[in-house]
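Heads up: the structure comes next, in structure tokens.
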Amino acid sequence: MDFILQPWPWFIGGPLIAISLLLYFYFGKNFGASTNFETMCTILGADKFSDYFKKDWKDQAFALMFVVGLIIGGFIAAYYLIPNQTIDLNPQTVQELTDLGFSNVGNQYFPDEIFGQNAYTSMKGFLILIVSGILIGFGTRYAGGCTSGHAITGLSSLQLPSLLAVIGFFIGGIIATWFIIPILF
Amino acid sequence: MKNIKFLILGIFFAIVLSKVQAISWYRFYEMFKFQSFHMFGIIGGAVVISAIFMQLFKYGKIKDIHGNKIVPKPKKKGFISTIFGGTLFGLGWGISGACAAPVFVILGFELIPALILLTGALLGAFFYGLISKKLPN
């Protein structure tokens, strides 16, 4: 039980993610997460606005069940499996973020400056989250996948578009962390 | 209820991502600043081991639950769409520290901010659907 409650080392992560992918394919479906954004749009009535969403969402019921599992799993992890969210960060990372005005860096998974109540109830904080979300939804659909679909499934099956997509992920992520975060904070 | 196995797999995947800290904003910040091996080790490990599974699929050593050969769907091609779409997603990922699956997992940790992210993601997918025919591939 002690091991369950401790943070798991990085080298456990890769194999367990790969096993998840294996089971997903074994169950007869293609591993990925971001198609669900599209399916949810269809369920919410987006098919009335664009033919793009005229799909039978029931074909994606398995993926929606996976999403329900992700949500349940998140609650289980947050409430029962992670008594201490401290992260063993690089001291340089801690220093940089502290200099940018972040408090309690690495004491929890999510910084208060973005996820705290004072952040998301402010106009700036709300916009940071909603615009990030829009970029995630738009970008994953335009690129045809996310970290699961492109970086893991696509790269491991040696697909060239996925390599291009992952290069794009890093271009965007580097611009965001090196240039945008210091402007925002 | 043949889809219940996907629900259980989702719970498992969420717990794995949570426990290895692969949903933490700080871990992705560190990754994009190349200040830690942690996320590279996780993603790299996942890709290498998955690549072995892919070879086993390819040569029919592992078949799916119905006994069929497993063939991953080919990704849509298009230089601009994958690079440019990928960059837009990377921007959102770098700022919020959330990629697609973690958006759902984070609901359990930080409910309201994650709901805002999810609302944004649905709006983003909706905008994409509206203009997809006009975008270059």
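Residue numbering restarts at 1 for every chain, and letters A, B, ... go by the order of the sequence lines. Bear in mind that the values here come from a model prediction, so they are computed numbers and not experimental data.
Side-chain rings of B:Y29 and A:F102 stay apart, their centers remaining 6.0 Å or farther from each other. Between A:Y109 and B:Y26, the gap from one ring centroid to the other reaches at least 6.0 Å. Checked against a 6.0 Å centroid threshold, the rings of B:F32 and A:W178 do not count as neighbours. In this structure, A:F138 has its ring center closer than 6.0 angstrom to the ring center of B:Y128. Between B:F126 and A:F49, the gap from one ring centroid to the other is short of 6.0 Å.
Contact count against chain B (heavy-atom pairs under 4.5 Å) is highest for A:G173 among A:S148, A:A176, A:G173, A:A77. For the options B:T119, B:I131, B:L123, B:I112, heavy-atom pairs under 4.5 Å to chain A are most numerous at B:I112. In terms of heavy-atom pairs under 4.5 Å with chain B, the best-connected choice from A:A151, A:A119, A:G106, A:S162 is A:G106. Each of A:V67, A:I4, A:L89 has some count of heavy-atom pairs under 4.5 Å with chain B, and the biggest count is that of A:L89. Among A:G145, A:P161, A:C146, A:A143, the residue with the largest count of heavy-atom pairs under 4.5 Å with chain B is A:A143. Residue with the most contacts toward chain A among B:V20, B:I42, B:I43, B:I15: B:I42 (heavy-atom pairs, distance under 4.5 Å). Taking B:S81, B:C99, B:A14 one by one and counting their heavy-atom pairs under 4.5 Å with chain A, the maximum is reached by B:S81. Counting heavy-atom pairs closer than 4.5 Å to chain B, the top-ranked of the candidates A:L155, A:I180, A:I87 is A:I87. Contact count against chain B (heavy-atom pairs under 4.5 Å) is highest for A:D88 among A:L163, A:D88, A:V94. Ranked by heavy-atom pairs shorter than 4.5 Å toward chain A, the options B:A98, B:S36, B:A51, B:A114 are led by B:A51. Among the candidates B:L135, B:L17, B:L130, B:V71, the residue making the largest number of heavy-atom pairs closer than 4.5 Å to chain A is B:L135. With respect to chain A, the highest number of heavy-atom pairs below 4.5 Å among B:K77, B:R27, B:K58 belongs to B:R27.
Taking CD of B:E30 as the reference point, atom OG1 of A:T93 lies at 4.0 Å (rounded to 0.5 Å). Taking CD1 of B:I65 as the reference point, atom NZ of A:K29 lies at 11.5 Å (rounded to 0.5 Å). The CZ atom of A:F170 lies 5.5 Å from the CH2 atom of B:W93; values are rounded to the nearest 0.5 Å. Within the model, atoms CD of A:Q60 and CG of B:N3 stand 10.5 Å from one another, a figure rounded to the nearest 0.5 Å. With rounding to the nearest 0.5 angstrom, the CD1 atom of B:I70 is 9.0 Å from the OH atom of A:Y26. With rounding to the nearest 0.5 Å, the separation of CD1 in A:I82 from CD1 in B:I23 is 6.0 Å.
Proximity to chain B (any heavy atom under 4.5 Å) is shown, for A:V105, by both the backbone and the side chain. Contacts between A:L21 and chain B at a heavy-atom distance below 4.5 Å involve the side chain alone, from C-beta outward. Interface remark: A:L64 contributes no atoms to any contact with chain B (heavy atom separation under 4.5 Å). Within the 4.5 angstrom heavy-atom criterion, atoms from both the backbone and the side chain of A:I71 approach chain B. For A:L70, the parts sitting under 4.5 Å from any heavy atom of chain B are the backbone and the side chain alike. Using a 4.5 Å cut-off between heavy atoms, A:F53 touches chain B through its side chain atoms alone. Contacts between A:I76 and chain B at a heavy-atom distance below 4.5 Å involve the side chain alone, from C-beta outward. With a threshold of 4.5 angstrom between heavy atoms, A:F126 approaches chain B through its backbone and through its side chain.
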Let me see the working for A:L16 and B:F13 under side chain to side chain contact (heavy atoms under 4.5 Å, CB included), right down to the final yes or no. CA-CA 8 Å; A:L16 292 181; B:F13 191 56; over 6 Å; no

Determine, step by step, whether A:Y24 and B:F6 satisfy the ring-ring contact (aromatic ring centres under 6.0 Å, His included) criterion, reporting the C-alpha distance in whole Å, the side-chain angles of both residues, the deciding distance to 0.1 Å, and the verdict. CA-CA 8 Å; A:Y24 213 99; B:F6 285 97; 5.1 Å; yes

Between A:T153 and B:M54, does the side chain to side chain contact (heavy atoms under 4.5 Å, CB included) criterion hold? Intermediate values first, please. CA-CA 9 Å; A:T153 307; B:M54 291 294 177; 4.0 Å; yes

Could you check B:F109 against A:Q108 for side chain to side chain contact (heavy atoms under 4.5 Å, CB included), going step by step and ending with a plain yes or no? CA-CA 10 Å; B:F109 288 77; A:Q108 57 205 6; over 6 Å; no

I would like to know whether B:Q35 and A:E96 meet side-chain hydrogen bond (donor to acceptor under 3.5 Å, both in side chains); could you show each step before the answer? CA-CA 11 Å; B:Q35 291 169 340; A:E96 267 182 31; 2.5 Å; yes

Does A:L129 form a side chain to side chain contact (heavy atoms under 4.5 Å, CB included) with B:I95? I'd like the steps, not just the answer. CA-CA 8 Å; A:L129 287 167; B:I95 297 170; over 6 Å; no

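When all heavy atoms of A:F25 and B:D64 are compared, the pair lying nearest together is O-CB, 3.7 Å. In plain terms, the two heavy atoms of B:A46 and A:I17 that are nearest each other are CB-CG2, 3.8 Å.
Residues A:I72 and B:L111 share a single hydrophobic cluster, defined by chaining ILVMFWY side chains whose heavy atoms lie under 4.5 Å apart.
Without hydrogens or angle criteria, A:S50 side chain to B:G129 main chain gives a donor-acceptor distance under 3.5 Å. Remark: side-chain polar atoms of B:K76 are paired, donor with acceptor, to backbone N or O of A:Y142 under 3.5 angstrom. Judged by distance alone, with hydrogens and angles left aside, the side-chain atoms of B:K5 form no donor-acceptor pair with the main-chain N or O of A:F27 at under 3.5 Å.
Within the 4.5 Å cutoff, no side-chain heavy atoms of B:F28 are placed close to those of A:T177. The side-chain heavy atoms of B:K19 and A:P7, taken from C-beta on, include no pair separated by under 4.5 Å. With a 4.5 Å cut-off on side-chain heavy atoms, A:I136 and B:S96 count as touching.
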